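Report on the following structure.
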Amino acid sequence: MTTAHDTIAFADALKEFEPVIGLETHVELGTNSKMFCSCPTAFGAESNTQVCPVCLGLPGSMPVVNRAAVESTIRMGLALNCDIASWCRFARKNYFYPDMPKDYQVSQYDEPLCTDGYLDVTVETDAGPREFRVEIERVHMEEDTGKLTHAGGATGRIHGADYSLVDYNRAGIPLIEIVTKPLVGTGELAPQVAKAYVTELRDLMRALGVSDVRMEEGSLRCDVNVSLNRPGDPWGTRSETKNVNSLRSVERAVHSEIERQAAVLSSGGRVVQETRHFHEDTGRSTSGRSKEQAEDYRYFPEPDLVPVAPSTEWVDELRGTLPELPSARRARLRAEWGVGEHEFQTMVNAGALELIEASIAEGVDPAAARKWWTGELLRIANDREMELADVPVTPAQIRRVESLVADGSLNDKLARQVFDGVISGEGDVDEVVAGRGLAVVSDDSSLLAAIDTALAEQPDVADKIRGGKVQAAGAIVGAVMKATRGQADAAKVRALLLERLGVSE
Ligand code: ADP
Ligand code: MG
Ligand code: ZN
């Protein structure tokens, strides 16, 4: 009997099994009003203040389709290389649960608006970047459900709760769901491909302006499907990890599910078709609801809404509104910045492109912008397990640090300490410099004093240098750097030292 804790190490799992992955991504569109009524969609309003008879499902109310939501969906479909249906309908998905006061959700079922597309994504491997084509099954429109809050229990789940609260502000907000076809052949790169795909989708939606995709507000949620099979065998049974809501978690969810399923299968067990819940704290998922018996949602065409029948002219017009897409933009930036494929991919993977672009726009030298975002700031982000974009350093602060480096007040080592201070909340750049007493020691007399002290402490080294062994100078320079806590310019110390001893290179 295997338990939820039994896993096989990832690398071993991949020796025995091949993964198949599939992603269902829900994104809240950034329309001003809801999908079928004119209620506002702003996030964070007091509960149940953005509701009306339509989204509350009161008898006699009639829905009307939000044109902006249809436009956004078509533009997204076009950007994903999909076919756009010339005629399609909404469907009612019937279920009884208090997150939807109508007892059904309006969605699209067998007549999605967009079908059969693809999105190419690139992941970095030891052997260089590798591209994968993720095929898209469908992009359809639906409405979001309300939000339930289970109170009084320890876990925030319904089990153990004393009571539950419902907030219908979110009910009826336009969503698009983007469903991939099963993706095979990713092997050990499956977790990275999944993350790269969701990242690319997010960037695409931002570029199109159809959603601002704030993952921390839950405006993009991913269901992560994974199955394993032995090479040559048919696909295995999939599990579906629900509502994974950060890019990093998408990667971790695939990773941990491969380890879990491999353990089940190699001990002779059977993977149960079920939904699973991902836990951010442990990076693992636990069993949710079984899907062995397909739920019957009794879908039928929504009788209160007219079909959506976009004309060829309208679709063409929308095609004309597509902006430069992220892949084209990347190609352009790489050419503009003149960097190699590998270096560029490092910036992409770090999520640094926009940050570098913004820094350059702020006046930072392009090479310096790249260096900071893919060097020190990335290291800090990784250390603190956060996305690079969430590191609290602004392009203006980078520009300020760079200007202090340029006029010789800071060196790179001190600049790193400045960023550490900024990120630790010690204030703006100049405040950290003042607060930590960071400044390059450039006045010759204090450097010469430090050099003399070091020479006196290491007379044998001093003799060697005098005797022409210039390589030995490193020991003295090192001692001076240490004595000045890194606040000296090493090249300058070296020059002063050689001059002091009357030696030339
Ligand atoms: P459901 O509503 O049951 O979640 P969908 O058709 O909406 O079904 O989505 C199923 C998702 O699972 C799709 O992304 C699909 O590509 C993926 N999928 C289907 N079969 C497998 C499999 N054997 N392994 C992994 N993913 C799969
Ligand atoms: Mg699903
Ligand atoms: Zn409403």
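Just so you know, ligand 1 is whichever comes first in the structure, and atom 1 is the first atom listed for that ligand. These figures come from a predicted structure and were not determined experimentally. These numbers come from the heavy atoms of this one structure, side chains and all, not from hydrogens, waters or symmetry mates.
- Atoms of ligand 1 lying under 4.0 Å from at least one heavy atom of Glu240, given by number and element, are 4 (O).
- The only member of Arg170, Gln105, Lys102, Lys34 that meets side-chain hydrogen bond (donor to acceptor under 3.5 Å, both in side chains) when paired with Glu143 is Lys102.
- Under the rule for a side-chain contact (heavy atoms from CB on, under 4.5 Å), the partners of Thr149 that lie at least two apart in sequence or sit in another chain are Leu165.
- Between Pro182 and ligand 1, at least one pair of N/O atoms sits closer than 3.5 Å.
- Residue contacts with ligand 1: Arg238 is placed with a nitrogen or oxygen under 3.5 Å of a nitrogen or oxygen of the ligand (distance criterion only).
- At a heavy-atom cutoff of 4.0 Å, ligand 1 is contacted by the backbone of Leu23 but not by its side chain.
- Counting heavy atoms from C-beta outward, Thr237 and Val272 have side chains that stay 4.5 Å or more apart.
- Side chain of Gln108 to backbone of Glu111: a donor-acceptor contact under 3.5 angstrom is found.
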Legend entry - CA sep, side-chain torsions, deciding dist, call: Arg133, Asp120, salt bridge (charged side-chain N to carboxylate O under 4.0 Å, His left out): CA-CA 4 Å; Arg133 174 155 292 188; Asp120 292 329; 2.8 Å; yes
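- Cation-pi geometry between Lys93 and Tyr297 is satisfied (NZ or CZ under 6.0 Å from the ring centre, within 45° of the ring normal).
- In this structure, Phe36 and Phe90 have perpendicular ring planes: the angle between them is above 60°, well past the 30° mark.
- Using a 4.0 Å cut-off between heavy atoms, Thr180 contacts ligand 1 through both its backbone and its side chain.
- Close to ligand 1: Gly236, with a non-hydrogen atom less than 4.0 angstrom away.
- Neighbours of the Zn ion (ligand 3) restricted to protein N, O or S atoms under 2.8 Å: the count is 4.
- For Arg284 (side chain) and Phe278 (main-chain N/O), no donor-acceptor pair under 3.5 Å exists by modelled atom type.
- For His140 and Glu142, the side-chain atoms include at least one donor-acceptor pair closer than 3.5 Å.
- Taking every non-hydrogen atom of Lys181 and a distance limit under 4.0 Å, the qualifying atoms of ligand 1 come out as 16 (O).
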